[in-house]
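Each remark here refers to the structure printed beneath this line.
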Amino acid sequence: MNDTGFHLLGRLTIDALPFYSWVAAGGAMVTVLGGLGAIAFVTWFGLWKPLWRDWMTSLDHKRIGVMYIVLALIMLLRGFVDAIMMRVQQAMALNSEGYLPADHFEQIFSSHGTIMIFFMAMPFLAGLLNIALPLQIGARDVAFPLLNSISFYLSAAGAGLVLISLVLGKFSTAGWSGYPPYSGLEYSPGVGVDYWIWAILISGVGSTLSAINFTVTIMCKRAPGMKPMRMPIFTWTALCSSILMLFAFPALTVAVGLLGMDRTFGSHFFTNDSGGNVMNYMNLFWIWGHPEVYILILPAFGIFSEVAATFSSKKIFGYRSLVYATMVIAVLSFTVWLHHFFTMGSSPNVNAFFGIMTMIIAVPTGVKVFNWIFTMYGGRVRYETPMLWTLGFMMMFVLGGISGVLLAIPPVNYMTHNTTFLVAHFHNMIIPGVLFGYLAGYMYWFPKVFGFRLDHKWGVRAFWFWIIGFILAFMPLYATGLMGMPRRMAHYFDPELQPMLILALVGAVLILAGILCLAIQLWVSVKKREELADTTGDPWDGRTLEWSISSPPPAYNFARIPEVYDRDPFTEWKLAGRKPDKSDYSDISVPENSMLGVYLGAVAFAFGFSMVWQIWWLAVLCGLAIIGGLIVRSFVFDHEILIPAETVALADQSAGAGPVEGSQPA
Amino acid sequence: MSSEATNNSAEIFSHHEDEVQLGFWLFLMSDAVLFGLLFATYAIMAGNIAEGPTGTEIFDLFNLSLQTALLLVSTLTIAIASRHAMLGNTKGAMFWLLASCVLGAGFIALELNELGGLVLAGNGPGRSGFLSAFFTLVSMHGLHVSAGIIWGVTLVLQLSREGVSSRLLSRIMRLTYFWHFLDIVWIGVYSTIYLPWIMA
Ligand SMILES: [Cu+2]
């Protein structure tokens, strides 16, 4: 250390270690031990080589999808630990400090929201899109397989920054939305907000690149004959969601990037003095933030549509109206952002406009609910686990929608702003709407990816724990919100709140049981994989192309690119009793492995870390390493592995996959 | 069988270049939103000069004109480069690409000179909201131009190795779009940031 202002490790000193409270030290311990445990496990079983070859450097969209979902589930666990810690704190903090210092409580609610949105929901979404989208449109991969791998590692790098903030330094205390001026240098001088900023910026680049990738994939790689109005609903929602990402993420980049400018270079975008404009942050953040809700939920709607049609054994009701409703929601999602700050001084006319727009957006959403109901009507509904999540969603989501319309009324919003009523509302949208949707997708497509179904019994248990836990955890928060309880409260003095908050804790414990059931389900299913094996490739009597190939599919997905003549092409084939053509194959090329993604992800992580701690030499070095890596790569020719036609033929003829006459699986 | 397969993969290759082109357009679209929001932010903060100087006091018409001239000429030279590449003329493409990069580098040098001078005079991005927004927007554009220069030089090296191939042609086309896009952004910077202050 010296006084000239130059330090080799920037702001990083021994004080960064989390010995300020036993809870924080424990969290750091768990994180470090978890990482070391995973490394030890892989080393002990000698799995590094297959892990590196088959997964980490693979450009196969299905494998990248699985890695995304593994990341999402790990982060779900971490985000849930945050959640239950908050519930315990609030259940006991009546007239007392509880067990968490206020500063630590603030870190926890900030990391909970950040993790759940950016590092649980976004990777889960990207994972499901990766797995299902190319299969649904009859493609052999996404348009840019290498870019796909890079996107994944950028998301992982962001998640890594959030995780390491538990061990070195502190995380942000400014909430998941990071409002200035509190998140500015003056009130948050530590590294917490910087961790938050760089985690978001790096993973945001990944999301933008995936959005480009998915949009091009859908626009260019559909099977011959799959006109836009023949695309599966999930593909439609994926398209709308990707386009939303392209338009919305720049707003997040600008909002968070300018905040970073303020913090690192002392500029005055969002400061109170020297000509800053704090409201600009709120506008920019929510110009991204509201569309983000639809980025996450539209694909979930798509999954519910696929599931409702499949398990009712009926065509989706009102296909066109569903497509148009999706588009209308996507467009309208850019016209409502101000409802996140009705109370912050806009004129009544402005508030009225955004309030009305917000109510209007409920209309196309309502259309969708009716579509799902009418899809089930008159069908023979099979209560497999994906269908259970769908039904649970439909019940709960309508409730959340109604509370949303309530909040859209500016005068009501003045009463409920920043209370737990709002917390209850958006969890009521996001848990049933987004998470249940993704879990439905996980259970729906799992057999396609791994070749065996997930255990039904444990899936049902997980569902009931989740839904009852959800109701118990969040209905009380509606009540406490109406009683005037502000959100993000570390402790309180009103004894009337405590029973409700204890009830919410009980709900959180039930959700914990639901998560445990999900883990047990995975364990049990792997054990019973012979029994649960999916030999036909079509375990659910599916309707779309992904079910017409074997489970798991070969690396190239389709031995022959199918031709599509209608919606639900696979159902058409089955009804027509069409036998798959098992002759005349040609060579297929698949992309060779690449370690560029791992490299860029690692360097991006180091770059983010050095920007957080202001280790300038390392930041410059990492910047050069990124540019250098890209330049070197640009000299290389794309390598592809050619799979000879004979191999394809052999694999396809032995798989026994494809449409089977009158197939009716159990 | 094998000849059919090669035909097939050649077809897929050119089809793939179309996909890359579309992907690049999508990226430009997203980038345009980014710049649009930075412009909006500038518009909000243009009047927030706090204790700092106004644009009239710090902007230099001569420097600005020189910068603009360099960039506009470079947009012409890069168009010539892409024309040469389309005709399969490797030497011509290399020369004009390099010329564009040199002009771009001149632009960056002038910009660094201007921004550096402001910082040294104590009028850096920390002086006022107006200067924060000005510095950020202009350096964002400058960073893009720098990326374009690195890209151009890389392409010149690659052209010297393999001549105008289909993949390099497609890259040159994309660099050209990128360059024109940055020109349009600069015209926005010129007319909404500098001119109003200079004319005032
Ligand atoms: Cu909103």
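For clarity, every value in this text was computed on a predicted model and none was experimentally measured. Within every chain, numbering begins at 1; the chains are lettered A, B, ... in the order of the sequence lines, protein sequences first and strands thereafter.
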Q) Crowded around A/E592 CD? As in, over 12 foreign heavy atoms under 6.0 Å? A) yes
Q: Considering only heavy atoms, give the residues of residues 179-200 of chain B separated from chain A by less than 4.5 Å, sorted numerically, with 'none' for an empty result.
A: none
**Q.** Contact origin within A/S634 toward chain B - heavy atom pairs under 4.5 Å
**A.** both
Q.
If I compare all heavy atoms of A/I212 with all of B/G23, which pair ends up nearest, and what's the gap?
A. CG2-O, 3.5 Å
Q) Among B/D31, B/V20, B/L155, which has the most heavy-atom pairs under 4.5 Å with chain A? A) B/V20
Q) Of the backbone (N, CA, C, O) and the side chain (C-beta and beyond), which part of A/I588 lies under 4.5 Å from a heavy atom of chain B, both, or neither? A) neither
Q. Tell me, side chain or backbone of A/M219 under 4.5 Å from chain B's heavy atoms, or both, or neither?
A. side chain
Q | Under 4.5 Å from any heavy atom of chain A - which part of B/I150 | A | side chain
Q.
Test side-chain contact (heavy atoms from CB on, under 4.5 Å) on B/D18 and A/C220; report intermediate values, then the result.
A. CA-CA 9 Å; B/D18 285 347; A/C220 299; over 6 Å; no
Q: Select all residues of residues 115-147 of chain B having any heavy atom within less than 4.5 Å of some heavy atom of chain A, and report them by number, or 'none'.
A: B/P125, B/G126, B/R127, B/S128, B/G129, B/S132, B/A133, B/T136
Q) Any residues in residues 38-77 of chain B near chain A, with a heavy-atom distance under 4.5 Å, and which are they? A) B/L38, B/T41, B/I44, B/M45, B/N48, B/A50
Q) Taking all atoms of both residues into account, what is the closest heavy-atom pair of B/S30 and A/L246, and its distance? A) OG-O, 2.8 Å
Q. How long is the gap from CG on B/L37 to CG on A/N283, to the nearest 0.5 Å?
A. 10.5 Å
Q) More than 12 heavy atoms of other residues, nucleotides or ligands under 6.0 Å from CZ of B/R83: is that the case? A) no
Q: Not counting sequence neighbours, which residues clear ring pair (Phe, Tyr, Trp, His ring centres under 6.0 Å) with B/F24? List them please.
A: B/F27, B/W151
(Q) Quick check: closest heavy atoms across B/E19 and A/F144, and the distance to 0.1 Å? (A) O-CZ, 3.3 Å
Q: Quick one: pull up OG1 in A/T217 and CG in B/L22 and give me the separation to the nearest 0.5 Å.
A: 10.0 Å
**Q.** Per-residue contact mode, A/F637 against chain B (heavy atom under 4.5 angstrom)
**A.** both
Q) What part of A/N277 lies closer than 4.5 angstrom to a heavy atom of chain B: side chain, backbone, both or neither? A) both
(Q) Please classify the contact of A/L258 with chain B as side chain, backbone, both or neither, using a heavy-atom distance under 4.5 Å. (A) side chain
